[in-house]
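The next block holds one structure in the form of structure tokens; read it before the comments.
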Amino acid sequence: GIDCGRDSRMCCRQEFFVDFKEIGWEDWIIQPEGYHMNYCTGLCPLHMAGIPGLAASFHTAVLNRIKAASAAAAVDSCCVPTQRRPLSLLYYDRDSNIVKTDIPDMIVDSCGCT
Amino acid sequence: TAGGEWCPACGLATPVPGTPRDALLALAKQSILAKLRLPARPGAPQPPARGALLAALRRMRAQRSDTAVFPPGMLPNGAVPHLNPGMGRQEYEILSFAEAGSSTSHSVRLHFRFSQELAGSTEILQATLYLFWAVPSPGTQPVTIRILQPDPAGPNMTLSSETRLEVQRSGWTTLDVGPAVRSLFGQETPRLTVELEMPEAWGSPLPADPNDSHWPFVVAQAQARTHHRVHRR
């Protein structure tokens, strides 16, 4: 997958970091200092369906041509996460117990077209 | 998403480029609280004393390294741990410090509270009570540890289990309180009560100074309960 640049139009990963200080949560969340709430955005034209970002191999390039030519099924393709990882949190619960947990699939590492 | 599309494939609202930062911050808060099953952020916490916290973390690491010394997959007694049936389910590790309850000249009650959100959405895998004995004089001394349960019929407490120890010198003791905490996690106010009875000469096992590093604590491991799963054929 690729990361969004300033003028990216195609499917890419947009980075977005939430600093827990900024939202006043640093008192009950011990670690980490923030949350990478990255998200996927951008266009997924038909010929890019199934591509994790831009084509890299000859085989994929040929496949694209075939798909672009056969506009039979004008089906939209979505820009979605293709790789995610857990968010490890260490926090105080409301009884001031210390709790550690790994929330699965919370951080988007890469995006692609369905 | 302010009119943004709803992405069928990933079930997530796709933020429209240029979404205001505040909306994204609100989405981040909502996402974390939902995953932690919290209706709202907890209030300002009362952190434990630094000394007590460091001592607890050292004990926990020492406990964990004891099992790590043995080849992976093999317990000290040679048994192979059962594979966690809930592989892939979200797991929690909870560190709860004692609250001092009523006491007499030779006994004291300790309370360990667990949040309703965790109790309602997880099941206990194991829980261990850590106690430190400061023995004033040499020689073996009898000590009794009672786990008390709230009496459904009234305000009193009923005895759930009783353990007698012979304490010879100062040091930490651990006790498995998994069954007791497990049964608590089905109740309205999950609070574990432990009664300690010691020789009269010892006085209270609780350090006089709450900043003391020998404050009793419980470490529990829990995992998310499985919801009723509907399998699409």
Side-chain angles (χ1 to χ4, degrees), chain A residues 4 6-9 11-12 14 16-20 22-30 34-44 49 75-82 84 86-108 111-114, chain B residues 4-5 7-19 21-22 24-29 31-32 34-36 38 40-48 53 56-57 88-97 99 112-118 122 190-191 217-224:
Chain A
C4 297
R6 183 176 301 277
D7 49 6
S8 299
R9 292 182 58 252
C11 177
C12 56
Q14 178 62 59
F16 185 81
F17 180 72
V18 178
D19 188 334
F20 288 141
E22 181 180 357
I23 57 176
W25 275 17
E26 78 285 3
D27 60 339
W28 71 281
I29 293 184
I30 305 166
Y35 167 36
H36 290 274
M37 193 180 76
N38 309 327
Y39 58 90
C40 302
T41 187
L43 301 175
C44 274
V75 172
D76 275 350
S77 167
C78 287
C79 180
V80 295
T82 51
R84 296 191 218 213
L87 168 62
S88 290
L89 273 185
L90 190 67
Y91 65 95
Y92 289 109
D93 69 9
R94 61 179 166 135
D95 294 306
S96 294
N97 296 326
I98 295 174
V99 183
K100 175 189 175 304
T101 190
D102 297 335
I103 309 174
D105 298 337
M106 280 289 274
I107 300 174
V108 173
C111 300
C113 295
T114 57
Chain B
E5 324 89 62
C7 173
C10 60
L12 271 180
T14 309
V16 175
T19 302
R21 186 171 177 77
D22 293 344
L24 288 172
L25 293 181
L27 183 62
K29 289 182 184 179
S31 170
I32 290 175
K35 295 286 185 173
L36 295 181
L38 296 176
R41 59 146 289 170
Q46 287 110 34
L53 180 55
L57 293 175
R89 276 195 264 162
Q90 189 170 335
E91 294 202 357
Y92 297 80
E93 204 166 355
I94 307 154
L95 175 55
S96 179
F97 286 91
E99 290 171 16
F112 300 88
R113 285 201 289 184
F114 297 94
S115 78
Q116 220 171 7
E117 288 85 11
L118 272 179
T122 62
R191 184 177 81 160
F217 61 94
V218 163
V219 175
Q221 265 96 29
Q223 74 183 359

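All values below were derived from every heavy atom in this structure, side-chain atoms included, with hydrogens, water molecules and symmetry-related copies excluded. Proteins come first, then strands; the chains are lettered A, B, ... in the order of their sequence lines, and each starts at number 1.
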> Quick one: what part of Ile32(B) sits under 4.5 Å from any heavy atom of chain A, side chain, backbone, both or neither?
Replying inline: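 Its backbone and side chain both get close to chain A.
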> At a heavy-atom separation under 4.5 Å, does Phe114(B) approach chain A through its side chain, its backbone, both, or neither?
Replying inline: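 Both the backbone and the side chain of Phe114(B) come within 4.5 Å of chain A.
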Least distance between heavy atoms, [X] atom then [Y] atom:
{"X": "Arg21(B)", "Y": "Phe16(A)", "result": "NH1-CE1, 3.2 Å"}
{"X": "Tyr35(A)", "Y": "Ser31(B)", "result": "OH-OG, 4.2 Å"}
{"X": "Ser115(B)", "Y": "Asn97(A)", "result": "N-ND2, 4.4 Å"}
{"X": "Lys35(B)", "Y": "Ile103(A)", "result": "CB-CG2, 3.5 Å"}
{"X": "Thr101(A)", "Y": "Glu91(B)", "result": "OG1-O, 2.7 Å"}

If you count heavy-atom pairs under 4.5 Å between each of [options] and chain B, which one has the most?
{"options": "Ile30(A), Leu90(A), Asp27(A)", "value": "Asp27(A)"}
{"options": "Phe20(A), Tyr91(A), Trp28(A)", "value": "Trp28(A)"}
{"options": "Ile23(A), Leu89(A), Leu87(A)", "value": "Ile23(A)"}

>> Quick one, Ile98(A) and Pro48(B) - any side-chain contact, counting heavy atoms below 4.5 Å?
In response: yes
> So, do Pro47(B) and Tyr92(A) sit near enough that their side-chain heavy atoms are less than 4.5 Å apart?
Replying inline: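 When only atoms from C-beta onward are counted, Tyr92(A) and Pro47(B) do touch, with a gap below 4.5 Å.
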> Of Arg41(B), Glu117(B), Arg113(B), which meets side chain to side chain contact (heavy atoms under 4.5 Å, CB included) against Arg94(A)?
Replying inline: Glu117(B)
>> Out of Ile94(B), Leu95(B), Leu38(B), return the one with the most heavy atom pairs under 4.5 angstrom to chain A.
In response: Leu95(B)
>> Go through it in stages, so that I can follow the logic: the residues are Leu36(B) and Val99(A), the test is side chain to side chain contact (heavy atoms under 4.5 Å, CB included), and I'd like the CA-CA distance, side-chain angles, deciding distance and then a yes or no.
In response: CA-CA 10 Å; Leu36(B) 295 181; Val99(A) 183; over 6 Å; no
> Side chain, backbone, both or neither: which part of Gln14(A) has an atom under 4.5 Å from a heavy atom of chain B?
Replying inline: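 For Gln14(A), there is no contact with chain B at all, as no heavy atom is under 4.5 Å.
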